[in-house]
Amino acid sequence: MVLFEARRLGRKEPNGVNWLLQDIDLEIDGGDRIAVVGPTGSGKTLLLRALARLDPVSSGEILWRDQTVFGDDVPRFRRQAIYLHQSPTLIDGTIDENLRLPFSFRAHCDEFSPKLMSTLLEQLDRTDSFLKRPVRNLSGGEAQIVALLRAIQLQPTLLFLDEPTAALDDDSTRRIEQLVAIWFDERPDQRAWVWVSHDKQQVSRVASKIVEMNAGRLSIATEQQRRGSP
Amino acid sequence: MTLSLFDVGLAASLIFVNGAISIALGLRLGRSLLLASVRTILQLLLIGVVLDSVFSLNKWYAVVGLLVVMTVIAGISAVGRMERRYRGAYIDSVIAISCSSWIVAAYAIFVIMRDVQPWYEPQYAIPLTGMILGNSLNGISLGMNRLSEQLSTNRSQLEAMMTLGATRWEAARDSVRQAVHTGITPIINAMMVVGIVSMPGMMTGQLLAGAPPLQAVLYQIVIMFLIAAATILGTVAVVLLSYRRLFNADHQFLDVLFTKRSL
(Lines give C-alpha, C1' and ligand atoms only; values in the text may rest on other atoms or scores of the structure.)
Protein backbone atom coordinates (compact mmCIF):
# COMPACT_ATOMS: atom_id res chain seq x y z
CA MET A 1 0.00 0.00 0.00
CA VAL A 2 1.39 3.38 -0.96
CA LEU A 3 1.02 5.62 2.04
CA PHE A 4 2.76 8.72 0.98
CA GLU A 5 4.11 10.08 -2.23
CA ALA A 6 6.13 13.16 -3.06
CA ARG A 7 6.14 14.10 -6.73
CA ARG A 8 8.78 16.36 -8.21
CA LEU A 9 8.91 18.44 -5.06
CA GLY A 10 11.03 21.56 -5.31
CA ARG A 11 11.77 24.55 -3.14
CA LYS A 12 13.53 27.73 -4.13
CA GLU A 13 15.45 30.15 -1.97
CA PRO A 14 13.45 33.23 -0.95
CA ASN A 15 15.30 35.21 -3.64
CA GLY A 16 13.72 32.88 -6.19
CA VAL A 17 16.89 31.89 -8.03
CA ASN A 18 18.58 28.89 -6.44
CA TRP A 19 16.90 25.61 -5.67
CA LEU A 20 17.13 24.37 -2.09
CA LEU A 21 15.32 21.17 -2.99
CA GLN A 22 14.84 19.97 -6.52
CA ASP A 23 12.95 17.16 -8.23
CA ILE A 24 12.28 15.19 -5.09
CA ASP A 25 10.44 11.95 -5.81
CA LEU A 26 9.76 9.67 -2.90
CA GLU A 27 7.28 6.90 -2.34
CA ILE A 28 6.66 5.49 1.12
CA ASP A 29 4.83 2.21 1.62
CA GLY A 30 3.57 0.72 4.84
CA GLY A 31 6.48 -1.09 6.47
CA ASP A 32 9.14 1.18 4.96
CA ARG A 33 11.97 2.21 7.21
CA ILE A 34 13.85 4.82 5.28
CA ALA A 35 17.08 6.46 6.36
CA VAL A 36 18.18 9.76 4.85
CA VAL A 37 21.92 10.31 4.73
CA GLY A 38 24.01 13.01 3.13
CA PRO A 39 26.54 15.72 3.93
CA THR A 40 25.76 18.67 6.19
CA GLY A 41 23.92 21.38 4.28
CA SER A 42 22.64 19.02 1.60
CA GLY A 43 19.05 19.79 2.58
CA LYS A 44 18.06 16.82 4.74
CA THR A 45 16.16 18.91 7.26
CA LEU A 46 14.53 20.97 4.51
CA LEU A 47 13.53 17.72 2.84
CA LEU A 48 11.83 16.40 5.96
CA ARG A 49 10.14 19.73 6.63
CA ALA A 50 8.82 19.84 3.09
CA LEU A 51 7.57 16.24 3.33
CA ALA A 52 5.78 17.06 6.59
CA ARG A 53 4.18 20.09 4.86
CA LEU A 54 5.79 22.44 7.37
CA ASP A 55 7.40 24.62 4.72
CA PRO A 56 5.85 25.93 1.54
CA VAL A 57 7.22 24.39 -1.64
CA SER A 58 7.74 26.02 -5.00
CA SER A 59 6.72 23.05 -7.12
CA GLY A 60 5.44 19.50 -7.01
CA GLU A 61 2.89 17.88 -4.76
CA ILE A 62 2.45 15.56 -1.82
CA LEU A 63 -0.09 12.75 -1.76
CA TRP A 64 -1.29 11.05 1.37
CA ARG A 65 -3.17 7.83 0.60
CA ASP A 66 -3.56 9.04 -3.00
CA GLN A 67 -5.01 12.42 -2.02
CA THR A 68 -3.14 15.69 -2.40
CA VAL A 69 -2.66 17.42 0.92
CA PHE A 70 -3.55 21.11 1.08
CA GLY A 71 -5.55 23.64 3.06
CA ASP A 72 -7.38 22.29 6.06
CA ASP A 73 -6.26 18.73 5.27
CA VAL A 74 -2.77 19.75 6.35
CA PRO A 75 -3.34 19.65 10.15
CA ARG A 76 -5.08 16.28 9.81
CA PHE A 77 -2.23 15.00 7.66
CA ARG A 78 0.39 16.24 10.13
CA ARG A 79 -1.40 14.45 12.91
CA GLN A 80 -0.84 11.17 11.05
CA ALA A 81 2.60 11.98 9.70
CA ILE A 82 4.43 13.59 12.59
CA TYR A 83 7.68 15.46 12.25
CA LEU A 84 10.07 15.33 15.19
CA HIS A 85 12.64 18.10 15.57
CA GLN A 86 16.26 17.41 16.39
CA SER A 87 15.94 19.64 19.45
CA PRO A 88 12.66 18.91 21.18
CA THR A 89 10.39 21.85 21.95
CA LEU A 90 8.24 21.33 24.99
CA ILE A 91 5.76 23.77 26.45
CA ASP A 92 6.37 25.11 29.91
CA GLY A 93 4.78 22.93 32.58
CA THR A 94 4.87 19.27 33.52
CA ILE A 95 5.45 16.27 31.30
CA ASP A 96 1.82 15.40 31.77
CA GLU A 97 0.72 18.78 30.41
CA ASN A 98 2.94 18.28 27.39
CA LEU A 99 1.49 14.88 26.68
CA ARG A 100 -2.04 16.24 26.92
CA LEU A 101 -1.33 19.24 24.69
CA PRO A 102 -2.18 17.65 21.31
CA PHE A 103 -5.61 16.58 22.50
CA SER A 104 -6.62 20.23 22.82
CA PHE A 105 -6.37 20.53 19.02
CA ARG A 106 -9.37 20.06 16.79
CA ALA A 107 -7.58 17.46 14.67
CA HIS A 108 -7.83 14.99 17.57
CA CYS A 109 -11.15 13.54 18.50
CA ASP A 110 -9.67 11.02 20.92
CA GLU A 111 -8.53 11.70 24.46
CA PHE A 112 -5.32 11.35 26.38
CA SER A 113 -5.00 7.75 27.52
CA PRO A 114 -3.24 7.34 30.87
CA LYS A 115 -3.34 3.57 30.34
CA LEU A 116 -1.46 3.68 27.05
CA MET A 117 1.04 6.06 28.60
CA SER A 118 1.62 3.76 31.59
CA THR A 119 2.34 0.87 29.24
CA LEU A 120 4.81 2.95 27.28
CA LEU A 121 6.49 4.22 30.44
CA GLU A 122 6.77 0.69 31.79
CA GLN A 123 8.79 -0.31 28.77
CA LEU A 124 11.12 2.59 29.49
CA ASP A 125 11.44 1.44 33.12
CA ARG A 126 9.66 4.52 34.38
CA THR A 127 6.64 4.98 36.61
CA ASP A 128 3.73 7.37 36.40
CA SER A 129 5.48 9.75 38.78
CA PHE A 130 7.70 10.66 35.81
CA LEU A 131 4.69 12.53 34.40
CA LYS A 132 4.57 14.97 37.31
CA ARG A 133 8.04 16.31 36.64
CA PRO A 134 8.38 19.83 35.28
CA VAL A 135 9.96 19.83 31.83
CA ARG A 136 12.49 22.54 32.59
CA ASN A 137 14.52 20.13 34.71
CA LEU A 138 14.75 17.47 32.04
CA SER A 139 18.00 16.48 30.35
CA GLY A 140 18.22 16.64 26.58
CA GLY A 141 17.67 12.91 26.30
CA GLU A 142 14.65 12.92 28.59
CA ALA A 143 13.16 15.88 26.74
CA GLN A 144 13.50 14.04 23.45
CA ILE A 145 11.86 10.98 24.99
CA VAL A 146 8.93 13.17 26.11
CA ALA A 147 8.64 14.70 22.64
CA LEU A 148 8.63 11.23 21.13
CA LEU A 149 6.07 9.93 23.62
CA ARG A 150 3.91 12.93 22.84
CA ALA A 151 4.03 11.99 19.17
CA ILE A 152 3.61 8.21 19.29
CA GLN A 153 0.73 8.24 21.79
CA LEU A 154 -1.24 9.77 18.88
CA GLN A 155 -0.72 6.50 16.97
CA PRO A 156 0.67 8.18 13.87
CA THR A 157 1.18 6.20 10.69
CA LEU A 158 4.38 7.89 9.63
CA LEU A 159 7.21 9.51 11.57
CA PHE A 160 9.68 12.01 10.16
CA LEU A 161 12.64 11.83 12.51
CA ASP A 162 15.09 14.67 12.01
CA GLU A 163 18.27 13.43 13.72
CA PRO A 164 16.42 12.85 16.98
CA THR A 165 19.47 11.36 18.66
CA ALA A 166 22.25 13.55 17.23
CA ALA A 167 22.76 15.39 20.52
CA LEU A 168 22.10 12.46 22.84
CA ASP A 169 24.25 9.96 24.74
CA ASP A 170 24.23 6.25 23.94
CA ASP A 171 21.71 5.34 26.58
CA SER A 172 19.15 7.93 25.46
CA THR A 173 19.77 7.01 21.84
CA ARG A 174 19.00 3.39 22.64
CA ARG A 175 15.78 4.37 24.39
CA ILE A 176 14.65 6.53 21.49
CA GLU A 177 15.28 3.70 19.05
CA GLN A 178 13.50 1.31 21.37
CA LEU A 179 10.44 3.58 21.61
CA VAL A 180 10.23 4.05 17.87
CA ALA A 181 10.47 0.27 17.44
CA ILE A 182 7.65 -0.28 19.95
CA TRP A 183 5.46 2.07 17.99
CA PHE A 184 6.41 0.51 14.64
CA ASP A 185 5.99 -3.09 15.71
CA GLU A 186 2.38 -2.55 16.70
CA ARG A 187 1.52 -2.46 12.99
CA PRO A 188 4.74 -3.31 11.17
CA ASP A 189 3.18 -3.55 7.72
CA GLN A 190 1.21 -0.30 7.97
CA ARG A 191 3.56 2.11 9.66
CA ALA A 192 6.69 3.72 8.29
CA TRP A 193 9.40 6.19 9.14
CA VAL A 194 11.88 8.48 7.49
CA TRP A 195 14.92 8.90 9.70
CA VAL A 196 17.70 11.39 9.11
CA SER A 197 20.95 10.26 10.67
CA HIS A 198 24.67 10.92 10.50
CA ASP A 199 25.54 7.80 12.41
CA LYS A 200 26.37 4.91 10.07
CA GLN A 201 25.73 2.27 12.69
CA GLN A 202 22.38 3.79 13.51
CA VAL A 203 21.49 3.84 9.83
CA SER A 204 22.23 0.14 9.56
CA ARG A 205 20.07 -0.47 12.64
CA VAL A 206 17.05 1.57 11.62
CA ALA A 207 16.85 1.40 7.83
CA SER A 208 15.40 -1.01 5.33
CA LYS A 209 16.13 1.48 2.61
CA ILE A 210 18.67 4.28 2.41
CA VAL A 211 18.28 7.43 0.40
CA GLU A 212 20.92 10.09 -0.03
CA MET A 213 20.60 13.84 -0.23
CA ASN A 214 23.12 15.76 -2.22
CA ALA A 215 22.87 19.47 -2.95
CA GLY A 216 19.11 19.42 -2.67
CA ARG A 217 18.57 16.29 -4.76
CA LEU A 218 17.53 12.88 -3.59
CA SER A 219 18.87 9.58 -4.82
CA ILE A 220 18.21 6.03 -3.71
CA ALA A 221 21.37 4.55 -2.26
CA THR A 222 20.57 0.99 -1.22
CA GLU A 223 17.74 -1.28 -0.40
CA GLN A 224 18.41 -3.37 2.65
CA GLN A 225 16.61 -6.45 3.79
CA ARG A 226 13.19 -6.08 5.33
CA ARG A 227 13.21 -6.01 9.05
CA GLY A 228 12.05 -9.13 10.85
CA SER A 229 10.33 -9.14 14.20
CA PRO A 230 12.74 -8.29 16.98
CA MET B 1 -5.46 86.37 23.66
CA THR B 2 -3.85 85.71 20.29
CA LEU B 3 -0.22 84.67 20.13
CA SER B 4 2.41 86.48 18.13
CA LEU B 5 5.78 85.22 16.90
CA PHE B 6 7.31 87.13 19.81
CA ASP B 7 5.39 84.89 22.23
CA VAL B 8 6.67 81.83 20.42
CA GLY B 9 10.16 83.21 20.83
CA LEU B 10 9.60 83.51 24.57
CA ALA B 11 8.63 79.83 24.69
CA ALA B 12 11.63 78.87 22.59
CA SER B 13 13.94 80.57 25.06
CA LEU B 14 13.03 77.83 27.54
CA ILE B 15 14.53 75.31 25.14
CA PHE B 16 17.67 77.42 24.82
CA VAL B 17 18.08 77.32 28.59
CA ASN B 18 17.78 73.55 28.51
CA GLY B 19 20.24 73.39 25.62
CA ALA B 20 22.72 75.43 27.62
CA ILE B 21 22.38 73.09 30.59
CA SER B 22 22.91 70.10 28.32
CA ILE B 23 26.09 71.60 26.89
CA ALA B 24 27.37 72.62 30.30
CA LEU B 25 26.86 69.12 31.71
CA GLY B 26 28.01 67.33 28.54
CA LEU B 27 24.71 65.47 28.21
CA ARG B 28 24.92 65.52 24.42
CA LEU B 29 21.23 66.26 24.18
CA GLY B 30 21.97 69.44 22.25
CA ARG B 31 21.73 68.05 18.75
CA SER B 32 18.55 66.04 19.19
CA LEU B 33 16.93 68.82 21.18
CA LEU B 34 17.74 71.28 18.41
CA LEU B 35 16.52 68.91 15.73
CA ALA B 36 13.30 68.19 17.63
CA SER B 37 12.66 71.90 18.17
CA VAL B 38 13.28 72.77 14.53
CA ARG B 39 11.03 69.90 13.45
CA THR B 40 8.30 71.07 15.80
CA ILE B 41 8.42 74.55 14.30
CA LEU B 42 8.61 73.42 10.68
CA GLN B 43 6.01 70.65 10.86
CA LEU B 44 3.49 72.74 12.73
CA LEU B 45 4.01 75.79 10.51
CA LEU B 46 3.59 73.56 7.49
CA ILE B 47 0.37 72.01 8.76
CA GLY B 48 -0.75 75.51 9.74
CA VAL B 49 -0.32 76.71 6.17
CA VAL B 50 -2.02 73.58 4.79
CA LEU B 51 -4.90 73.89 7.25
CA ASP B 52 -5.27 77.54 6.46
CA SER B 53 -5.73 76.85 2.77
CA VAL B 54 -8.01 73.85 3.33
CA PHE B 55 -10.15 75.92 5.70
CA SER B 56 -10.45 78.81 3.28
CA LEU B 57 -11.05 76.52 0.27
CA ASN B 58 -13.75 74.72 2.26
CA LYS B 59 -14.39 71.98 -0.33
CA TRP B 60 -15.05 68.32 0.51
CA TYR B 61 -12.28 67.03 -1.75
CA ALA B 62 -9.67 69.23 -0.07
CA VAL B 63 -10.69 67.94 3.36
CA VAL B 64 -10.85 64.30 2.26
CA GLY B 65 -7.55 64.63 0.39
CA LEU B 66 -5.81 65.92 3.51
CA LEU B 67 -7.34 63.12 5.60
CA VAL B 68 -6.11 60.51 3.11
CA VAL B 69 -2.58 61.88 3.32
CA MET B 70 -2.74 61.89 7.13
CA THR B 71 -4.02 58.31 7.14
CA VAL B 72 -1.27 56.98 4.90
CA ILE B 73 1.42 58.74 6.93
CA ALA B 74 -0.06 57.28 10.12
CA GLY B 75 -0.10 53.80 8.58
CA ILE B 76 3.51 54.05 7.50
CA SER B 77 4.78 55.42 10.79
CA ALA B 78 3.05 52.63 12.72
CA VAL B 79 5.45 50.21 11.00
CA GLY B 80 8.38 52.56 11.50
CA ARG B 81 8.72 51.59 15.15
CA MET B 82 8.55 47.83 14.52
CA GLU B 83 11.48 45.71 15.68
CA ARG B 84 10.80 42.68 13.49
CA ARG B 85 9.26 43.75 10.23
CA TYR B 86 7.76 41.43 7.69
CA ARG B 87 7.09 41.92 4.03
CA GLY B 88 3.60 43.34 3.67
CA ALA B 89 3.59 45.07 7.06
CA TYR B 90 3.04 48.48 5.47
CA ILE B 91 0.01 47.32 3.54
CA ASP B 92 -1.52 45.67 6.61
CA SER B 93 -0.92 48.77 8.71
CA VAL B 94 -2.41 51.19 6.17
CA ILE B 95 -5.46 48.97 5.63
CA ALA B 96 -6.04 48.58 9.37
CA ILE B 97 -5.69 52.25 10.19
CA SER B 98 -7.84 53.34 7.24
CA CYS B 99 -10.67 50.97 8.03
CA SER B 100 -10.77 51.57 11.76
CA SER B 101 -10.26 55.33 11.75
CA TRP B 102 -12.52 56.07 8.83
CA ILE B 103 -15.39 53.99 10.12
CA VAL B 104 -15.22 55.68 13.50
CA ALA B 105 -14.66 59.15 12.03
CA ALA B 106 -17.60 58.70 9.67
CA TYR B 107 -19.78 57.70 12.60
CA ALA B 108 -18.61 60.76 14.51
CA ILE B 109 -19.18 63.13 11.60
CA PHE B 110 -22.46 61.81 10.21
CA VAL B 111 -24.15 60.55 13.37
CA ILE B 112 -22.80 62.27 16.48
CA MET B 113 -22.03 65.64 14.94
CA ARG B 114 -24.98 65.48 12.53
CA ASP B 115 -25.87 69.13 13.17
CA VAL B 116 -22.60 70.31 11.68
CA GLN B 117 -23.27 71.50 8.11
CA PRO B 118 -21.74 70.82 5.67
CA TRP B 119 -20.47 67.41 6.90
CA TYR B 120 -16.91 68.12 5.78
CA GLU B 121 -16.70 71.35 7.79
CA PRO B 122 -12.88 71.39 8.25
CA GLN B 123 -13.10 72.81 11.77
CA TYR B 124 -14.63 69.50 12.94
CA ALA B 125 -13.64 66.85 10.41
CA ILE B 126 -9.90 67.45 10.48
CA PRO B 127 -9.14 67.61 14.22
CA LEU B 128 -11.56 64.77 14.97
CA THR B 129 -10.05 62.43 12.42
CA GLY B 130 -6.57 63.57 13.38
CA MET B 131 -7.06 62.63 17.02
CA ILE B 132 -8.57 59.29 16.07
CA LEU B 133 -5.69 58.53 13.71
CA GLY B 134 -3.02 59.51 16.20
CA ASN B 135 -4.36 57.17 18.88
CA SER B 136 -5.26 54.34 16.57
CA LEU B 137 -1.70 54.52 15.27
CA ASN B 138 -0.37 53.72 18.73
CA GLY B 139 -2.53 50.67 19.17
CA ILE B 140 -1.71 49.37 15.71
CA SER B 141 1.98 49.93 16.17
CA LEU B 142 2.09 48.19 19.55
CA GLY B 143 -0.16 45.35 18.44
CA MET B 144 1.70 44.40 15.31
CA ASN B 145 5.07 44.82 16.97
CA ARG B 146 4.05 42.48 19.76
CA LEU B 147 2.63 39.90 17.37
CA SER B 148 5.72 39.68 15.23
CA GLU B 149 7.97 39.54 18.31
CA GLN B 150 5.82 36.87 19.86
CA LEU B 151 5.65 34.73 16.74
CA SER B 152 9.31 34.93 15.94
CA THR B 153 10.50 34.19 19.46
CA ASN B 154 8.02 31.34 19.86
CA ARG B 155 8.60 29.92 16.43
CA SER B 156 9.72 26.49 17.61
CA GLN B 157 6.74 26.21 19.96
CA LEU B 158 4.34 27.13 17.18
CA GLU B 159 5.90 24.57 14.95
CA ALA B 160 5.93 21.87 17.57
CA MET B 161 2.19 22.43 17.98
CA MET B 162 1.59 22.34 14.26
CA THR B 163 3.57 19.12 13.83
CA LEU B 164 1.12 17.56 16.27
CA GLY B 165 -1.88 18.61 14.21
CA ALA B 166 -2.62 22.11 15.49
CA THR B 167 -4.21 24.47 12.98
CA ARG B 168 -2.56 27.83 12.39
CA TRP B 169 -5.18 29.45 14.62
CA GLU B 170 -4.65 26.95 17.42
CA ALA B 171 -0.91 27.55 17.22
CA ALA B 172 -1.11 31.35 17.06
CA ARG B 173 -4.12 32.04 19.26
CA ASP B 174 -2.17 32.96 22.40
CA SER B 175 0.16 35.26 20.51
CA VAL B 176 -2.75 36.96 18.80
CA ARG B 177 -4.49 37.48 22.12
CA GLN B 178 -1.40 38.96 23.73
CA ALA B 179 -0.79 41.27 20.78
CA VAL B 180 -4.33 42.65 20.97
CA HIS B 181 -3.96 43.17 24.72
CA THR B 182 -0.69 45.02 24.29
CA GLY B 183 -2.23 47.25 21.64
CA ILE B 184 -5.26 48.33 23.63
CA THR B 185 -3.80 48.57 27.13
CA PRO B 186 -2.63 52.22 26.78
CA ILE B 187 -6.03 53.52 25.76
CA ILE B 188 -7.74 51.57 28.54
CA ASN B 189 -5.24 53.02 31.01
CA ALA B 190 -5.79 56.50 29.62
CA MET B 191 -9.54 56.16 30.10
CA MET B 192 -8.96 55.01 33.68
CA VAL B 193 -7.04 58.11 34.73
CA VAL B 194 -8.44 60.79 32.43
CA GLY B 195 -9.29 63.93 34.36
CA ILE B 196 -7.59 62.65 37.51
CA VAL B 197 -3.98 62.31 36.49
CA SER B 198 -4.06 63.74 32.99
CA MET B 199 -5.85 66.70 31.47
CA PRO B 200 -6.49 65.74 27.87
CA GLY B 201 -5.08 68.10 25.27
CA MET B 202 -8.33 68.75 23.49
CA MET B 203 -10.20 69.67 26.65
CA THR B 204 -7.36 71.93 27.73
CA GLY B 205 -7.43 73.56 24.30
CA GLN B 206 -11.14 74.21 24.48
CA LEU B 207 -10.80 75.69 27.96
CA LEU B 208 -8.02 77.96 26.75
CA ALA B 209 -10.24 79.01 23.85
CA GLY B 210 -12.90 80.00 26.34
CA ALA B 211 -15.43 77.17 26.01
CA PRO B 212 -17.68 76.41 29.00
CA PRO B 213 -16.04 73.63 31.06
CA LEU B 214 -19.04 71.31 30.89
CA GLN B 215 -19.14 71.48 27.09
CA ALA B 216 -15.40 70.84 26.98
CA VAL B 217 -15.89 67.80 29.20
CA LEU B 218 -18.71 66.40 27.05
CA TYR B 219 -16.55 66.79 23.98
CA GLN B 220 -13.72 65.02 25.73
CA ILE B 221 -15.93 62.10 26.73
CA VAL B 222 -17.13 61.70 23.16
CA ILE B 223 -13.57 61.86 21.89
CA MET B 224 -12.36 59.27 24.40
CA PHE B 225 -14.98 56.82 23.18
CA LEU B 226 -14.18 57.53 19.55
CA ILE B 227 -10.48 57.04 20.19
CA ALA B 228 -11.02 53.85 22.17
CA ALA B 229 -13.30 52.38 19.52
CA ALA B 230 -10.89 53.19 16.71
CA THR B 231 -7.87 51.91 18.63
CA ILE B 232 -9.46 48.60 19.51
CA LEU B 233 -10.84 48.14 16.01
CA GLY B 234 -7.51 49.05 14.42
CA THR B 235 -5.49 46.83 16.73
CA VAL B 236 -7.70 43.80 16.19
CA ALA B 237 -7.68 44.43 12.43
CA VAL B 238 -3.93 44.76 12.12
CA VAL B 239 -3.22 41.75 14.32
CA LEU B 240 -5.58 39.58 12.29
CA LEU B 241 -4.18 40.87 9.01
CA SER B 242 -0.62 40.14 10.15
CA TYR B 243 -1.66 36.71 11.30
CA ARG B 244 -3.26 35.96 7.92
CA ARG B 245 -0.13 37.08 6.17
CA LEU B 246 2.34 35.19 8.36
CA PHE B 247 0.45 31.90 8.13
CA ASN B 248 -0.75 30.58 4.79
CA ALA B 249 -3.82 28.51 4.02
CA ASP B 250 -1.72 25.33 4.29
CA HIS B 251 -1.13 26.09 7.98
CA GLN B 252 2.52 26.94 7.47
CA PHE B 253 4.33 29.69 9.34
CA LEU B 254 6.05 31.93 6.80
CA ASP B 255 9.18 32.84 8.69
CA VAL B 256 10.81 33.92 5.42
CA LEU B 257 8.60 37.02 5.33
CA PHE B 258 10.55 38.55 8.20
CA THR B 259 13.18 41.02 7.14
CA LYS B 260 16.04 42.44 9.13
CA ARG B 261 15.36 45.83 10.60
CA SER B 262 16.63 48.43 8.18
CA LEU B 263 17.82 51.16 10.53
Side-chain angles (χ1 to χ4, degrees), chain A residues 11-16 20 48-50 52-58 61-62 68-92 98-110 143 146-147 150-154 156 159-162, chain B residues 79 82 84-92 146-179 181-182 240-262:
Chain A
R11 180 176 173 199
K12 282 182 172 175
E13 268 183 30
N15 64 29
L20 296 165
L48 245 60
R49 293 179 55 90
R53 296 290 268 121
L54 278 173
D55 287 337
V57 291
S58 319
E61 58 178 352
I62 282 174
T68 50
V69 181
F70 62 91
D72 288 343
D73 301 335
V74 175
R76 282 191 289 273
F77 158 73
R78 290 201 194 117
R79 182 234 165 287
Q80 299 174 74
I82 298 180
Y83 171 89
L84 209 69
H85 280 94
Q86 177 179 347
S87 51
T89 305
L90 302 175
I91 57 160
D92 215 16
N98 270 278
L99 296 174
R100 285 171 191 272
L101 170 74
F103 298 102
S104 64
F105 306 146
R106 216 175 41 199
H108 303 276
C109 1
D110 38 357
V146 172
R150 188 171 64 177
I152 64 173
Q153 63 165 347
L154 305 173
L159 280 184
F160 296 111
L161 301 151
D162 190 1
Chain B
V79 181
M82 253 173 110
R84 298 266 299 159
R85 278 181 215 170
Y86 60 89
R87 261 181 287 150
Y90 285 103
I91 300 172
D92 290 347
R146 183 65 193 269
L147 184 73
S148 61
E149 284 288 279
Q150 201 61 25
L151 294 180
S152 47
T153 48
N154 293 333
R155 184 193 153 172
S156 53
Q157 299 244 0
L158 291 173
E159 280 204 349
M161 290 166 95
M162 292 202 289
T163 59
L164 296 164
T167 60
R168 52 183 171 166
W169 178 248
E170 285 167 330
R173 192 170 40 201
D174 281 347
S175 305
V176 166
R177 203 177 286 148
Q178 287 186 29
H181 267 261
T182 305
L240 290 180
L241 285 169
S242 307
Y243 156 76
R244 292 292 293 207
R245 196 178 288 275
L246 292 168
F247 291 86
N248 65 15
D250 288 340
H251 302 265
Q252 294 164 335
F253 178 47
L254 303 178
D255 202 11
V256 292
L257 289 180
F258 282 108
T259 50
K260 290 243 159 59
R261 195 176 179 184
S262 54

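Proteins come first, then strands; the chains are lettered A, B, ... in the order of their sequence lines, and each starts at number 1. Predicted model only: the values in this text are computed from it and were never measured.
For chain B, the nearby part of A/Pro14 is the side chain; its heavy atoms alone come within less than 4.5 Å. Heavy atoms of B/Leu257 lying under 4.5 Å from chain A are absent altogether. Using a 4.5 Å cut-off between heavy atoms, A/Leu90 contacts chain B through its backbone alone, with no side-chain atom that close. If you measure heavy-atom distances from A/Asp73 to chain B, you find no contacts under 4.5 Å at all. Only the side chain of A/Leu101 comes within contact range of chain B, judged by heavy atoms closer than 4.5 Å. A/Ile91 touches chain B through backbone and side chain together, each having a heavy atom under 4.5 Å away. Looking at A/Arg106, both its backbone and its side chain come within 4.5 Å of chain B, counting heavy atoms on both sides. Residue contact with chain B, scored on non-hydrogen atoms closer than 4.5 Å, involves the backbone of A/Ser104 exclusively. Heavy atoms closer than 4.5 Å to chain A are found in both the backbone and the side chain of B/Asp250. Interface remark: B/Arg173 contributes no atoms to any contact with chain A (heavy atom separation under 4.5 Å).
Formation of a donor-acceptor pair under 3.5 Å by the A/His108 side chain with backbone atoms of B/Gly165 is not found in this model.
The two residues A/Pro75 and B/Ala166 come nearest to each other via the heavy atoms CB-O, 4.1 Å. Residues A/Arg78 and B/His251 approach most closely at NH2-O, 2.7 Å, considering heavy atoms. Shortest non-hydrogen contact noted between A/Asp55 and B/Gln252 is O-NE2, 3.0 Å. In this structure, B/Asn248 and A/Pro56 approach most closely via the heavy-atom pair ND2-CB, 4.2 Å.
Atom CG of A/Leu84 sits about 7.5 Å away from atom OG1 of B/Thr163, to the nearest 0.5 Å. Put simply, CG on B/Asp255 and CG on A/Leu54 are 12.0 Å apart, with the number rounded to the nearest 0.5 Å. Rounding to the nearest 0.5 Å gives a distance of 10.0 Å between CE of B/Met162 and CZ of A/Phe105.
Taking 4.5 Å as the limit, every side-chain heavy atom of A/Thr89 sits out of range of all side-chain heavy atoms of B/Glu159.
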